[in-house]
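What follows is a single structure, written as structure tokens, with notes after it.
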Amino acid sequence: MSDNQNLLAEQRRALILDEVRRRGGVRVNELTRKLSVSDMTVRRDLDALARQGVVEKVHGGAVPVSEPSAHEPGFEAKSSLELSAKEAIAEAAAQMAAPGSAIALAGGTTAFALAHQLLDVPDLTVVTNSVRVADVFYAAQRAAAGAGGPRPGAATVVLTGGVRTPSDTLVGPVADAAIRSLHFDALFLGVHGISVEAGLSTPNLAEAETNRHFVRSARRVVVVADHTKWGTVGLSSFASLDQVDVLVTDPGLPAHVRAEFAELPPRLVVAGEPEDDADI
């Protein structure tokens, strides 16, 4: 059987991971038929997903890995997951950042993708507790300086202090004090997990407290989270869904979850699907 060249490895593995999580396990022969690829290709994909720690290989297939509620993956471990979804979410969320506004951008790999999209929004003031996010803006400023001078409309970036987490996010009393003294037009927030019962949650207790301050200081809260975050619950909840104004996600969000949002406070924005103008 010849491999299906229409799907990139990243896309194929995202489909496999979604199938594993949705069904609680898959068999190799089922995946070969569904994806129209060879047995060897599927096994390579399962090996890659197992190395990332998101599936466990079993005889003839794979099952999902259940993470403890206090487990916090590092930035690199998360950065290779759901890349296409994160890029689409970032593009949709960036349209909600008005030129000249003051925004907060919390940590995480989806926020990192969003930072790249925000480079084109003029005159932003960006407050972030993410070392990775700050580096995106600083690198753009250095590149502009090397090309002959500051870029017109370049963002003003404020990096909070704090203690660094495995996700390269700064948390703790120093970060909390900085955030408490500020007021944001909008907060763009990535999450570890989101559910009706637990709201927004994280496995890191200090990060939960810092995120609470972000939410309290923002006029509008925009959560950026791919569909795999739905139903995940971390150790500590830091906001309920009625504190969220908008959830930006990807088309992988199941139909039954979309139906739930008809009864929930946040407005649901699905990247790539029609949506009314949502400038802040």
- Item | Donor-acceptor contact below 3.5 Å, side chain S217 vs main chain F214 | no

- Check F188, F137, F184 against V126 for a side chain to side chain contact (heavy atoms under 4.5 Å, CB included) and give me the one that passes. F137

- If you take all heavy atoms of V121 and A97, which pair is closest and at what distance? CG1-O, 3.5 Å

- Closest heavy-atom pair, G234 versus S201, reported as atoms and distance to 0.1 Å, is N-OG, 2.8 Å

- Query: At what distance, to the nearest 0.5 angstrom, does CG of N129 lie from OG1 of T169?
  - Reply: 5.5 Å

- Under the 3.5 angstrom rule, does the side chain of E209 hit a backbone N or O of A206 as a donor-acceptor pair? no

- Message: Determine whether a donor-acceptor pair (N or O, by modelled atom type, separation under 3.5 Å) exists between the side chain of R258 and the backbone of P251.
- Response: yes

- Item | Test item: T128 side-chain N/O and V133 main-chain N/O as donor-acceptor pair under 3.5 Å | no

- Task: Establish whether L205 and V171 are linked, either directly or via other cluster members, by ILVMFWY side-chain heavy-atom contacts under 4.5 Å.
- Result: no

- CZ of R212 to OG of S236: how many Å apart, nearest 0.5 Å? 4.5 Å

- Message: Do R267 and D245 have side chains that approach each other closer than 4.5 Å (heavy atoms only, starting at C-beta)?
- Response: no

- Message: Are L15 and L31 connected into the same hydrophobic cluster when the rule is that any two of I, L, V, M, F, W, Y join if their side-chain heavy atoms are below 4.5 Å apart?
- Response: yes

- Task: Mark yes or no for whether T110, through its side chain, and K86, through its backbone, hold a donor-acceptor pair below 3.5 Å.
- Result: no

- Message: Quick check: do L105 and L118 have side-chain heavy atoms less than 4.5 Å from each other?
- Response: yes

- Message: Using every non-hydrogen atom in the two residues, find where L159 and S130 come nearest and quote the distance to one decimal.
- Response: CD1-O, 3.8 Å

- Query: Roughly how far apart are R13 CZ and R44 CZ, rounded to 0.5 Å?
  - Reply: 8.5 Å

- Let me see the working for N211 and L189 under side chain to side chain contact (heavy atoms under 4.5 Å, CB included), right down to the final yes or no. CA-CA 8 Å; N211 284 344; L189 178 70; 3.8 Å; yes

- Query: Any side-chain heavy atom of V63 within less than 4.5 Å of one from V55?
  - Reply: no

- Message: Hydrophobic clusters here meaning ILVMFWY residues chained together by side-chain heavy-atom distances under 4.5 Å, can you tell me if V221 and V196 are in one?
- Response: yes

- Could you check D39, D47, T41 and say which one makes a side chain to side chain donor-acceptor pair (under 3.5 Å) with R43? D39

- Message: Less than 4.5 Å apart, side chain to side chain, heavy atoms only: is that true for K34 and E19?
- Response: yes

- With sequence neighbours left out, what residues match V131 under side-chain contact (heavy atoms from CB on, under 4.5 Å)? D135, R164, L170

- Query: Do E207 and T202 have side-chain atoms, one donor and one acceptor, less than 3.5 Å apart?
  - Reply: yes

- Item | For V191 against A225, the heavy-atom pair lying closest together | CG2-CB, 3.8 Å

- Distance from Q243 atom CD to R216 atom CZ, nearest 0.5 Å? 8.5 Å

- V127, V174: one ILVMFWY side-chain cluster at the under-4.5 Å cut-off? no

- Query: Could you give all pairs that pass the ring pair (Phe, Tyr, Trp, His ring centres under 6.0 Å) test and reach residues 158-180, with sequence neighbours left out?
  - Reply: none

- Task: For the pair R12 and D45, find out whether any cationic side-chain nitrogen is under 4.0 Å from an anionic carboxylate oxygen.
- Result: yes

- Note on the structure: In terms of heavy-atom contacts, L119 and A140 come closest through CD2-CB, 3.7 Å

- Verify same cluster id: I16, V58 (apolar side-chain graph, 4.5 Å): no

- Query: Out of curiosity, R51 CZ to L46 CG, how far, rounded to the nearest 0.5 Å?
  - Reply: 11.0 Å

- Message: Let's go through T32 and V28 carefully: what are the C-alpha distance in whole Å and the side-chain angles of both, what is the deciding distance for side chain to side chain contact (heavy atoms under 4.5 Å, CB included) to 0.1 Å, and is it a yes or a no?
- Response: CA-CA 6 Å; T32 58; V28 171; 4.2 Å; yes

- Task: Report, as yes or no, whether the 6.0 Å neighbourhood of atom NZ on K57 holds more than 12 heavy atoms from other residues, nucleotides or ligands.
- Result: yes

- Message: Quick check: closest heavy atoms across H227 and T249, and the distance to 0.1 Å?
- Response: N-OG1, 3.5 Å

- Apply side chain to side chain contact (heavy atoms under 4.5 Å, CB included) to V223 and L200, showing your working. CA-CA 9 Å; V223 172; L200 312 182; 3.8 Å; yes

- Message: Run T210 and I179 through side chain to side chain contact (heavy atoms under 4.5 Å, CB included) and show every step you take.
- Response: CA-CA 8 Å; T210 298; I179 294 164; 3.6 Å; yes

- Measure the CZ-NE2 distance between R219 and H183 for me, rounded to the nearest 0.5 Å. 13.0 Å

- Task: Would you mind listing every ring pair (Phe, Tyr, Trp, His ring centres under 6.0 Å) that reaches into residues 231-272, with sequence neighbours excluded?
- Result: W230-F261

- Message: The test is side-chain hydrogen bond (donor to acceptor under 3.5 Å, both in side chains); show your working for T165 and N204 and say whether it passes.
- Response: CA-CA 8 Å; T165 72; N204 188 300; 5.1 Å; no

- Message: Apply salt bridge (Lys or Arg N to Asp or Glu O under 4.0 Å) to residues R132 and D168 and explain how you reach the verdict.
- Response: CA-CA 7 Å; R132 301 279 186 148; D168 286 343; 2.5 Å; yes

- Task: Without swapping roles, check the side chain of E263 against the backbone of E260 for a donor-acceptor pair under 3.5 Å.
- Result: no

- Message: Under a 3.5 Å threshold, yes or no: a donor from one side chain and an acceptor from the other, between S84 and E10?
- Response: yes

